[in-house]
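Chain identifiers are assigned alphabetically (A, B, ...) following the order of the sequence lines, protein sequences preceding nucleic acid strands; residue numbering begins at 1 within each chain.
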Amino acid sequence: MSILIIAEEHPSSFSAITPALVSAGCQLDKDIHVLVVGEHHAALAQQAAAISGVTRVLEAPQAIYARGAAENNAALIADLASQYSHILASTTTRGKNILPRAAGLLNCAPISDVIAIESIDTFIRPIYAGNARATVQCLSPIKFMTVRASSFVKAPEGTDVAPIIPVTAAFDLKLSEWINCESVPSERPELGSARVVISGGRGLGSAENFQLLSGIANLLHAALGASRAAVDAGFVPNDYQVGQTGKIVAPDLYIAVGISGAIQHLAGMKDSKVIVAINKDPDAPIFQVADYGWVGDLFEILPQLESELKKIL
Amino acid sequence: MRILVTVKRVIDPYARIRVRADHTGVETAHVKMAINPFDEIALEEAVRLKEKGDAKEVIVLSVGSCASQETLRGALALGADRATLIETDEDLQPLSVAKLIQAFLLIESCDVVLMGKQSIDGDHNQTGQLLAALLKWPQATFASKITPQGEYLEVVREVDEGLETLCVKRPAVITVDLRLNEPRYPTLPNIMKAKQKSLAVLKASEMNVDLQPQIKILRVDAPPVRKAGEKVNSAAELVQKLRNEAKVI
Ligand SMILES: Cc1cc2nc3c(=O)[nH]c(=O)nc-3n(C[C@H](O)[C@H](O)[C@H](O)COP(=O)(O)OP(=O)(O)OC[C@H]3O[C@@H](n4cnc5c(N)ncnc54)[C@H](O)[C@@H]3O)c2cc1C
Ligand SMILES: Nc1ncnc2c1ncn2[C@@H]1O[C@H](COP(=O)(O)O)[C@@H](O)[C@H]1O
C-alpha cells in the first residue's frame with residue numbers, strides 16, 4: 001500500500017517540514033504520495049514533485065481547502081484514505097487540527113507526535129512533556145499519525161519529477177468560516193526550522209528588553225523564541241513560545257536567556273544539538289541540560305556577547 | 001447555550017515523572033494528582049459564559065476511575081452545575097473517550113463542548129478533534145478567545161503563524177489553549193456548596209460503545225538524559241567554545 005503525506009500549506013513551513021515527512025514516509029513504504037492544498041498549491045505541487053522519494057503529487061486547487069479548514073480537509077483526506085496504509089501530517093498546529101479529525105471520520109485511532117518509526121505499525125512518541133517515551137503499536141487499518149519533523153532528516157531534492165494529479169472532489173461542509181489571521185511579519189528565519197534559536201524568558205523583564213536579543217539574533221541568523229512566562233507577560237507574540245504547548249525546536253544551537261528551565265519548556269528544546277544557558281541563578285534547572293552555562297546578569301552578559309560575536313562574524 | 005466541559009484527572013504538572021521499573025508506564029502511586037490544566041481553563045471559560053448570561057448550564061464530565069470524583073467535586077466548587085463520571089478502570093485512549101462523550105451527549109444534549117487542547121499525561125491533543133469528527137460538528141481548536149454571537153461563536157485560535165479568527169456555528173467543539181483566561185481559585189463556601197451538587201456515575205461498559213483499544217502501549221522508557229556541560233565566565237570563552245569545540249557558529 002502507499003503512504004499519503006499531508007503537506008504544509010505555507011511555503012516556508014512546507015520547505016522546512018514536508019521533506020522530513022517524506023523521509024519518515026520512506027521508512028514505511030516506497031510509494032509516497034503528497035497532498036497539497038491552499039493558496040500556493042501550484043508552486044507547492046512543483047516543489048513536492050521534486051522531493052526525492054515522492055511518487056505522486058495530489059493537487060487540490062479548491063479554495064475550500066485553503067487556510068487549514070479542518071472540516072473540509074479532514075473530509076477530503078478521509079475520502080482519499082482507502083488507498084493508503086499510512087497518512088502522515090506534521091505536528092504543526094495545522095496537522096494537529098486536521099489529522100485526528102480525519103482519523104475520527106474513519107473510526108481509526110490516530111498517533112500524535114511520532115519521533116521514531118520502529119516498524120510499519122510500531123512507533124515511538126514522547127509523553128508527559130517528554131519525561132517518558134512510549135513505544136506504541138497501532139492496530140487501526142489505516143495508520144493516521146502526526147510526525148515531529150525535527151526528528152527526521154529532510155529528504156533531498158530528487159532526480160525524477162513525480163506526476164502531479166489534480167484532485168476534483170469538493171467537500172464544502174460550510175461548518176466554519178475563516179475570518180482572518182494576524183501574524184507579525186518577521187525577517188528572521190522560522191522558529192521551527194532555524195539553525196540557531198535564541199529564546200528569552202521572564203528574566204528579560206519587558207518587551208523593550210527583548211530587543212537585547214535582536215543584535216545577537218541578527219549576527220547568528222537566529223530565530224527568536226520565548227518561554228511561556230515571556231509570552232503570557234506580553235513581551236512577545238504567542239507564536240514565539242517554545243515548549244510542551246508551544247513549538248518544538250531542535251536547532252544546532254539554542255541559547256536560553258533568563259529562562260529557568262521548567263520541564264514544559266525543556267520539552268520543546270532539549271533535543272537541540274548544543275544548548276547555551278544564561279541565567280543569574282546558578283541552581284536554575286536549565287543548567288542541567290546546558291552544554292555551556294554562564295551564570296550572571298543577562299543585562300551585563302548580552303552586550304558583551306554581542307560585541308564578541310561582532311569580532312568574528 | 002448549554003455547555004459540556006470535559007475534565008481529566010492527571011498527574012500534577014509540577015510533579016516529578018518516574019518511569020516504572022517494569023516499563024509498563026509511569027509511577028502513579030503516591031503522586032500528586034490534579035485537574036488537567038487546560039480543562040481548568042475550559043471550565044473557567046464556561047463558568048464566565050454562564051455568569052455573563054450567555055450560558056444556561058455548565059455540566060462537567062470525566063472519564064476515569066472512581067478517584068476522578070474528586071476532580072469533579074473540584075470542578076463543581078469552581079462553578080459547574082452538575083457532574084457526571086463515566087467510570088472505568090481502563091486507561092482509555094482518545095478515540096474511546098471521544099465515543100463515550102458522544103454517547104453522553106445523547107443523554108444530555110449540549111450545544112457547546114469545551115475541552116482542553118491536550119491532556120498533559122498522554123499529550124495526545126486529539127480528543128476534541130475526534131469528538132468533532134464523530135458528531136460531524138465544527139471544531140475550533142487551541143482557542144485563546146471565545147465570543148458568542150447568536151447562533152455562532154467567534155473563536156481566536158493560537159496557531160503557528162500567529163492568531164487566527166474563525167466563526168463556527170453551534171453546536172460546536174472548542175478546545176482551549178493556555179492564554180484563554182486565568183482560572184479562579186475555589187472559595188470555601190463554594191467548596192461546601194459543591195458537596196450538595198449532583199454527581200452522577202455511569203459505567204463505561206454500559207454505555208453501548210466499542211471500547212476495544214486500537215493502540216497497544218508496548219513499553220514506556222525514560223528519555224535519554226542530557227548531561228550538564230561546563231560553565232563559562234566570559235564572552236570570549238563562550239564564543240571560542242561555540243566556534244572551535246561545538247562548531248556551531
Ligand atoms: C500545562 C502547562 C503547559 C506549559 N507549557 C509551557 C510551554 O510550552 N513553554 C514554556 O516555556 N512554559 C510552559 N509552561 C510554564 C512553565 O511551567 C514555566 O512556568 C515557564 O516556562 C517559566 O518561564 P521562565 O523560565 O521564563 O520564567 P521563570 O521560571 O520565572 O524564570 C525566569 C528566570 O530568569 C532568571 N533571571 C531573572 N532576571 C535575570 C537577570 N537579570 N539575568 C539573568 N537571569 C535572570 C531567573 O533566575 C529565572 O531562572 C507550562 C505550564 C503548564 C502548567
Ligand atoms: N478521560 C478523560 N475524561 C475527560 N476528558 C478527557 C479525558 N481524556 C481527554 N479528555 C479531554 O480531551 C482533552 C484533550 O485530551 P487529549 O486528546 O488526551 O490530549 C482534554 O483536555 C480533556 O478535556
Would you call B:Glu161 and A:Glu190 a side-chain contact if the rule is heavy atoms closer than 4.5 Å? no
Does B:Leu166 reach the side chain of A:Ile179, with side-chain heavy atoms less than 4.5 Å apart? no
Just by modelled atom types, is the B:Gln139 backbone N or O under 3.5 Å from a matching donor or acceptor in the A:Glu71 side chain? yes
Quick check: do B:Leu218 and A:Val136 have side-chain heavy atoms less than 4.5 Å from each other? no
Ion pair check, A:Asp232 and B:Arg179, cut-off under 4.0 Å: yes
Does the side chain of A:Gln244 come within less than 4.5 Å of B:Ile120's, by heavy atoms? yes
Heavy-atom distance under 4.5 Å between the side chains of A:Ile312 and B:Arg243, does that happen here? yes
Indicate yes or no: at least one non-hydrogen side-chain atom of B:Gln126 is less than 4.5 angstrom from one of A:Ser112. yes
Turns out that what part of B:Lys117 lies under 4.5 Å from chain A's heavy atoms comes down to side chain
Chain A contact via B:Pro213 - which portion, at a heavy-atom distance below 4.5 Å: backbone
Heavy-atom distance under 4.5 Å to chain A: side chain of B:Asn233, backbone, both or neither? backbone
Tell me, for B:Lys227 versus chain A, whether the close heavy atoms (under 4.5 Å) come from the side chain, the backbone, both or neither. backbone
cation_pi(B:Lys241, A:Tyr292) dist<6.0 Å, angle<=45: no
Please determine whether a side-chain nitrogen of the Lys or Arg among A:Asp291 and B:Arg226 lies less than 4.0 Å from a carboxylate oxygen of the Asp or Glu. yes
Given that the side chain runs from C-beta out, which part of B:Val159 has a heavy atom under 4.5 Å from chain A: side chain, backbone, both or neither? both
Walk me through whether A:Lys247 and B:Asp160 qualify under side-chain contact (heavy atoms from CB on, under 4.5 Å). CA-CA 8 Å; A:Lys247 289 183 181 151; B:Asp160 291 339; 3.6 Å; yes
With a 4.5 angstrom heavy-atom cut-off, is it the side chain or the backbone of B:Pro223 that approaches chain A, or both, or neither? both
Between A:Leu309 and B:Ile249, is there a side-chain heavy-atom distance shorter than 4.5 Å? yes
So do the side chains of B:Phe142 and A:Lys96 get within less than 4.5 Å of each other, counting heavy atoms only? yes
Nearest heavy-atom approach of A:Ile127 to B:Asp123 is C-OD2, 3.9 Å
